[in-house]
Structure formats: C-alpha cells, structure tokens
Amino acid sequence: MVAEQFEVNEEIAKIFHRLGVFLDMDGVDFKPTAYQRAAAILRTLDQSVADIYRLSDIKGLEALEGIGKNLAYKIKEYLGTGKIQTYEKYLKLYPIDIDNLDEVPGLGPKTIKWLWEELGVKNVSDLKIAAEKGLVKNLPRGGAKLEQNILNNLNLVETANKRWLYAEIEPLAEKIKAQLEIVPGVSNLLITGSYRRKKSTIGDLDYVTVASKPTLVMDVFTNLQNPKVEEIISHGKTRSSIRLADGLEIDLRVVDKKSYGAACQYFTGSKEHNIELRKIAIAKGFKLNEYGLYKGVKQVAGSSEEEIYKMLGLRYIEPELRENTGEIEWAQGKKKLDLINIKDIKGDLHIHSDWDGGKESISDLAEYARLKLGYEYIGISDHTKFLKIERGLDEEQLMAQRLEIQKINAKYKDKHINFTILQGCEANILNDGSLDIRDTILKQLDYVIAGLHSQLDMDREEITARMLKAINNPYIDIISHPFTGLINRRPQAKLDWGMILTAAKQTGTILEINANPLRLDLEAPKIREAKREGIKLVIDSDTHSLEDMNQIEYGIGEARRGWVVKEDIINTFLLAHLVKQFKRNVL
DNA sequence: GCCGTTTTCGGCCCGACTGTTTTCAGTCG
C-alpha cells in the first residue's frame with residue numbers, strides 16, 4: 001500500500017468509514033453513504049485536512065467535496081481533541097472490530113450487528129469460533145449454508161491477495177478470453193472492469209459477452225481447467241462468478257446484443273463514474289442500467305457505449321478516464337482530448353545495458369528498439385557508481401561507454417539508417433541531494449537521469465529538500481520514478497508533491513512516468529497535475545532486458561489515466577525536438 | 001449528512017444473486 005502521506009486524513013477517513021457502518025447497522029438511511037463518500041474523498045486529498053483547516057478554517061473543510069457543515073465540524077473536533085464524540089459513543093455501544101469483520105465477504109453491517117447481538121461476536125476470531133461450533137446455523141434466520149459460507153470466506157480473507165498487478169494478470173486474462181471466445185455462439189467478448197480502465201492493480205476480472213447459447217458459455221466458464229476453477233461462487237443464467245486457487249475472482253456476464261454497450265459501460269465502471277452517469281440520465285428524464293438507456297420502458301440506447309454517451313449529451317469517454325474525476329464535465333464540453341497512444345512513442349530514454357546490471361549489449365538493445373518497436377532513438381542510462389549492487393559505472397566507464405555509443409551511431413550513419421543512441425545515465429541522488437558523478441562528466445553526456453535509490457524512508461522535510469536540490473541541479477534533466485515506491489511492496493517516499501511540482505516547473509526538469517508495472521511512478525493523478533502545470537513528462541520502460549522494453553505499454557496506460565496527450569510526453573518528439581527539452585540545451 | 005441545469009427541501013443508482021425465506025432483506029458490484 002501507498003504510505004499514508006497524510007496520516008490525519010487517513011485516521012479521520014477510517015473513523016468516518018466506521019461511523020458509516022455503525023449508522024448502517026442501526027438502519028439509518030442515506031447517512032451511511034454520506035460518511036463513506038466523505039471517507040473516500042479524504043483518502044484522495046493531496047493536502048492534509050490539518051493544513052486546510054489551518055489555512056482556511058472550517059470554511060476550507062466545508063468547501064471539500066462531500067464534506068458539509070456537520071462533517072467539517074467533526075474534522076475540526078478531531079484536529080482539536082484527537083477524538084470525535086459521536087464515534088466514541090458508538091464505540092461504547094458496539095465494541096466491535098468493524099474493519100476486519102467488514103472485510104469478510106458476505107458480511108455487511110446488518111449481519112455484523114445480528115451476529116453481535118445474538119452471539120456476542122466482536123471480531124473475526126469470535127466469528128470463526130462461533131461458526132466452527134455450529135452456533136450460526138442454529139440461530140433464528142441462520143442456516144447451514146450461511147455458516148459454511150462464513151467459514152469459507154474467513155479462510156479466504158486470511159489468504160487473500162488483495163489486488164494483482166496488471167502485468168501479472170494480463171496473460172491469464174487473455175488466456176481465459178481465448179478459451180471463451182471459441183465457444184460456439186460467442187461474440188464480442190470484452191474484458192471490462194479495472195482491467196479495461198488499465199489500472200495498475202486489478203482486484204478481479206469481469207468478462208462481458210454476447211452469446212447465442214448462453215448456457216454453453218456459462219458451462220465452459222464454470223468448468224475451466226486451465227486455469228482451474230477452485231470454487232463456483234455463483235451460477236446464474238446471465239451472471240456467474242468463479243474463484244481460482246490463488247483467490248482471484250472472475251465474473252462472466254452474458255447479455256443481449258441490444259444491451260451489449262450498456263453492459264460494457266456498466267461493468268467497466270468505475271462505480272463512481274456510473275453513479276454520476278445515472279444521475280445525468282435521471283436529470284434528462286432517462287433511466288440508465290446495465291441493459292440500456294430507457295425513456296419509460298422504451299430503450300433509446302444500449303447496443304453501443306458510444307450511443308449511450310451521445311444520448312446523454314456527452315462526448316465518448318475513454319475507459320481510462322472513467323473515474324468521476326472531472327471526465328464527465330469534460331465530456332459535456334466541446335474540447336477534444338486525443339489520449340496518447342503507444343504508436344506515438346518514438347524512443348525510450350531509460351534503458352540499462354550490460355555495462356551495469358542489465359543483460360543486453362547496447363547494440364542488441366538498439367536493434368530491438370529499431371526493428372521490433374520502430375523507435376528512432378534510445379537513451380542508454382546505466383546506473384552510476386554509488387549503486388554497487390547494480391555494478392554502477394564510474395566516470396571513466398561512462399567515458400568509455402560514450403566512445404562505444406559513438407561507434408555504433410557512426411555505423412548507423414554510414415548505412416543511412418535513421419536511428420540514434422543517446423548516452424545518459426541514471427545517477428543517484430545521495431542523501432544530501434548531490435550526485436555520485438562529477439559535473440564535468442555529467443555535462444559531457446547527452447542527458448542525465450537522477451533518481452532516489454537509497455534512504456527512501458527519510459522524513460518528509462528531509463527527503464523533499466534532497467529531491468529539490470536534485471531538481472535544481474542544472475545537469476539533471478529527468479527525475480526517474482519520482483516517488484520510488486513498489487506497488488504492494490514498498491511505500492513511496494514522503495515527498496512534498498506541491499513543492500516538487502513548483503520546482504520542476506521552474507527549472508524545466510522532466511518527470512518520469514516509469515512504466516515498470518511494479519512501479520508505475522508517477523501515478524495517474526500526479527501525472528494529471530504535472531500536465532496541468534505544464535511540466536514535461538517522459539514515459540520510460542526502465543529496461544534491464546530486451547523484453548522489458550515492451551513495458552512501455554503499462555506506462556502508456558497510466559499516462560492515459562492521467563489525461564495525457566502526445567504533446568505532453570517528450571519521447572513522442574522527433575530527436576531534434578527531443579534534445580531541446582534537456583536543460584543543457586536550453587541554458 | 002450532503003447537495004442543487006427540478007430543488008435551500010426533498011431527494012439520494014440500480015439490478016442480480018443468495019439464503020432463508022413464502023415475499024424479502026442483505027450484500028455485492
């Protein structure tokens with residue numbers, strides 16, 4: 001998980017979430033959603049509510065989406081006292097471990113309350129004991145199936161891998177797709193959900209298809225052998241869900257042709273986007289559901305997503321943008337937005353060769369880029385000497401490498417081949433913000449990437465100062481993987497993003513969108529902000545072996561989610577235009 | 001409790017599937 005940059009936001013979000021559940025337990029209408037929504041919004045904020053309160057008082061809090069007078073007051077109360085009275089009251093009433101119980105699939109607020117009242121279940125371990133003793137099946141409104149489900153789902157929670165990396169799930173997703181597509185009568189099979197939105201992590205897979213023999217495809221689906229179905233979660237005429245041994249849940253929906261677009265739209269989500277769309281539908285006198293857009297009982301759109309958006313008075317919205325973060329307002333306007341496409345990429349500037357820890361020779365990398373990917377240039381950016389584990393290059397080695405690159409470039413020129421290898425390096429930003437390679441050498445390279453590779457857990461002020469010094473260094477052109485997190489493995493550095501943005505803008509420093517699927521750093525929301533600020537961006541593969549160069553596709557996905565067009569990304573430029581983006585060629 | 005291209009009051013997304021039910025509430029996506 002991402003480190004909690006704004007711990008207070010997270011603390012309050014947790015309380016709001018629990019309050020929402022408590023209110024739900026008591027059967028209160030609408031308030032639960034308001035609390036949950038507020039919790040979700042707090043988690044997306046780029047600023048601490050403590051800062052907002054300090055700068056703009058309670059009015060600043062109320063100005064936030066989803067926060068009104070009441071919740072603003074509760075935030076203020078928490079900032080002042082470290083507590084929220086309403087919450088403390090509920091804690092006494094229900095001394096229950098809401099967070100973990102709520103994680104158990106099939107358990108919602110009402111069931112949690114029921115188990116608490118009937119059996120005194122306070123937490124997951126109480127629940128397990130009660131279910132194992134057979135207490136649940138003997139309750140009024142209880143039953144054997146319910147009890148068994150609880151036991152199954154408890155096991156599931158213990159072993160669950162919450163979200164999978166997009167890149168690790170991609171081959172499996174396509175393999176299942178291929179098996180379903182050959183079932184007789186199947187057409188238009190699409191993988192929807194967060195997979196289609198190209199999120200960096202995927203929680204489950206959602207397939208939508210048209211089928212002339214729905215039962216046939218459902219049967220194939222629930223009997224998959226490779227991958228093997230571990231559990232059939234539900235099995236209906238039009239919707240079924242299965243689970244694989246590793247816990248991955250996969251859903252299949254079979255729909256009529258006339259509802260295909262509506263179903264794809266609906267199951268692609270995001271949920272928040274869909275809710276917004278339905279509100280627009282209602283405002284225009286329609287009703288939108290997974291079967292189509294309706295005026296009364298008459299379907300007015302549904303076979304394609306395009307016609308649904310059109311009927312709602314919206315431009316078509318690319319799946320990657322469907323997060324309810326302003327795309328609907330955009331779609332009501334006239335401005336075009338041609339998101340970047342993989343074919344726009346002309347080269348790759350973050351490539352490690354066998355001079356450092358990489359596997360491939362410079363000429364093999366160049367030929368792969370030129371012939372397989374159709375690039376016009378690459379930049380070799382090997383690690384530098386501080387990173388001993390990666391056999392980082394020292395000054396002398398960099399100069400020797402420069403000669404080799406010049407030789408290969410000369411050969412291309414002799415053969416009239418339009419391809420150029422640039423020499424950069426990926427220098428290390430040391431603890432004091434200086435680099436591990438002398439300026440006299442740095443200025444002889446074509447460009448310099450610098451990144452954090454050590455002491456990533458410095459406190460906010462310290463690591464921000466370190467990064468700012470690097471950004472202000474006239475020899476550093478690109479900051480690689482700025483936040484330096486690893487998805488699901490390592491938290492991000494606690495950088496002050498606002499200060500990074502300002503400094504990058506002032507100095508013309510380029511920020512990298514690192515396409516390694518374990519990094520995807522910058523993340524989409526930050527990409528979008530950087531773009532808005534006019535900051536230059538580059539999408540790099542961070543290649544260590546030939547195939548890694550194809551990772552660029554994941555970076556494209558993240559960039560699209562960040563509303564990026566071709567012009568925002570410097571490695572869509574032709575070489576002559578590209579090199580002008582480097583500070584050394586501007587100053 | 002929030003919010004406003006119908007609204008400062010009166011709405012608040014929608015349907016499938018499950019389990020224990022015999023008409024539905026709860027959960028999920």
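Chain A is the first sequence line, chain B the second, and so forth, proteins listed ahead of strands; every chain is numbered from 1. Just so it is clear, the model here is predicted, and its values are computed rather than measured.
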(message) Under a 3.5 Å cut-off for both contacts, is B:dT8 paired Watson-Crick or G-U wobble with anything, and if yes, with which nucleotide?
(response) none
(message) So if I take every side-chain heavy atom of A:Ala34 and compare against B:dT6, B:dC2, B:dA16, which nucleotide ends up nearest?
(response) B:dC2
(message) With rounding to the closest Å, how many angstrom separate the P atoms on B:dC28 and B:dT20?
(response) 16 Å
(request) Using the C1' atom as the reference point in each nucleotide, state the distance between B:dG11 and B:dC17 in Å, no decimals. (result) 28 Å
(message) With no hydrogens and no angle check, just 3.5 Å: does a side-chain donor-acceptor pair link A:Lys74 and A:Asn70?
(response) yes
(message) The side chain of A:Lys287 is closest to which nucleotide in this list: B:dG15, B:dT6, B:dG1?
(response) B:dG15
(request) Rounded to whole angstrom, note down the P distance from B:dT21 over to B:dA16. (result) 24 Å
(request) Could you check which of B:dA16, B:dG1, B:dG19 has an atom nearest any side-chain atom of A:Thr238? (result) B:dA16
(message) What's A:Lys110 touching, base or sugar-phosphate or nothing? Going by heavy atoms closer than 4.0 Å.
(response) sugar-phosphate
(request) Please evaluate the base of B:dG29 for a donor-acceptor partner in the side chain of A:Tyr266 within a cut-off of under 3.5 Å? (result) yes
(request) Pick base, sugar-phosphate or nothing for A:Asn149, based on heavy-atom distances below 4.0 Å to the nucleic acid. (result) sugar-phosphate
(request) Could you check whether A:Ala144 gets within reach of a base, just the sugar-phosphate, or nothing at all, counting any heavy atom under 4.0 Å? (result) sugar-phosphate
(message) Using whole Å, what does the distance between atom P of nucleotide B:dG26 and atom CH2 of A:Trp114 come to?
(response) 12 Å
(message) Can you see whether A:Thr325 engages A:Arg528 through a side-chain donor-acceptor pair at a distance of less than 3.5 angstrom?
(response) yes
(message) Let's see if you get this right: which residues in residues 20-33 of chain A place a heavy atom under 4.0 Å from DNA chain B?
(response) A:Phe30, A:Lys31
(request) Name the closest nucleotide to the A:Glu290 side chain, picking from B:dT18, B:dA16, B:dC2. (result) B:dA16
(message) Go nucleotide by nucleotide along DNA chain B from the 5' end; which of A:Leu288 and A:Gly142 gets its closest nucleotide reached first?
(response) A:Leu288
(request) Check every atom of B:dT6, B:dG29, B:dT27 against the side chain of A:Thr111 and return the nucleotide holding the closest atom. (result) B:dT27
(message) Return the CG to CD1 distance between A:Asp251 and A:Ile233, rounded to the nearest 0.5 Å.
(response) 7.0 Å
(message) Once you apply a heavy-atom cut-off of 4.0 Å, does A:Lys74 come out as touching a base, just sugar-phosphate, or nothing?
(response) sugar-phosphate
(message) Can you check the distance between B:dT5 and B:dG1, where both ends of the measurement are the P atom (answer in whole Å)?
(response) 23 Å
(request) Would you indicate what A:Glu65 reaches in the nucleic acid, counting non-hydrogen atoms under 4.0 angstrom: base, sugar-phosphate, or nothing? (result) sugar-phosphate
(message) Say we look at B:dG15 and B:dT8: how far apart would their C1' atoms be, to the nearest angstrom?
(response) 32 Å
(message) Regarding A:Leu277, tell me which of base, sugar-phosphate or nothing describes its non-hydrogen contacts under 4.0 Å with the strands shown.
(response) nothing
(request) Quick one: label A:Gly269 by what it contacts on the DNA or RNA (base, sugar-phosphate, nothing), any heavy atom closer than 4.0 Å. (result) nothing
(message) Given B:dG26, B:dG1, B:dG19, identify the nucleotide with an atom nearest to the side chain of A:Tyr35.
(response) B:dG1
(message) Given B:dT20, B:dC17, B:dG29, identify the nucleotide with an atom nearest to the side chain of A:Asp206.
(response) B:dG29
(request) Determine the minimum heavy-atom distance between A:Glu553 and A:Tyr166, stating which atoms define it. (result) OE2-CE2, 4.4 Å
(request) Report the nucleotide, chosen from B:dG1, B:dG29, B:dG15, that has the shortest atom-to-atom distance to any side-chain atom of A:Lys271. (result) B:dG29
(request) Kindly point out which of B:dA16, B:dG15, B:dT20 is positioned nearest to the side chain of A:Lys145? (result) B:dT20
(request) Could you work out which one of B:dT20, B:dG1, B:dA16 sits closest to the side chain of A:Asn70? (result) B:dG1
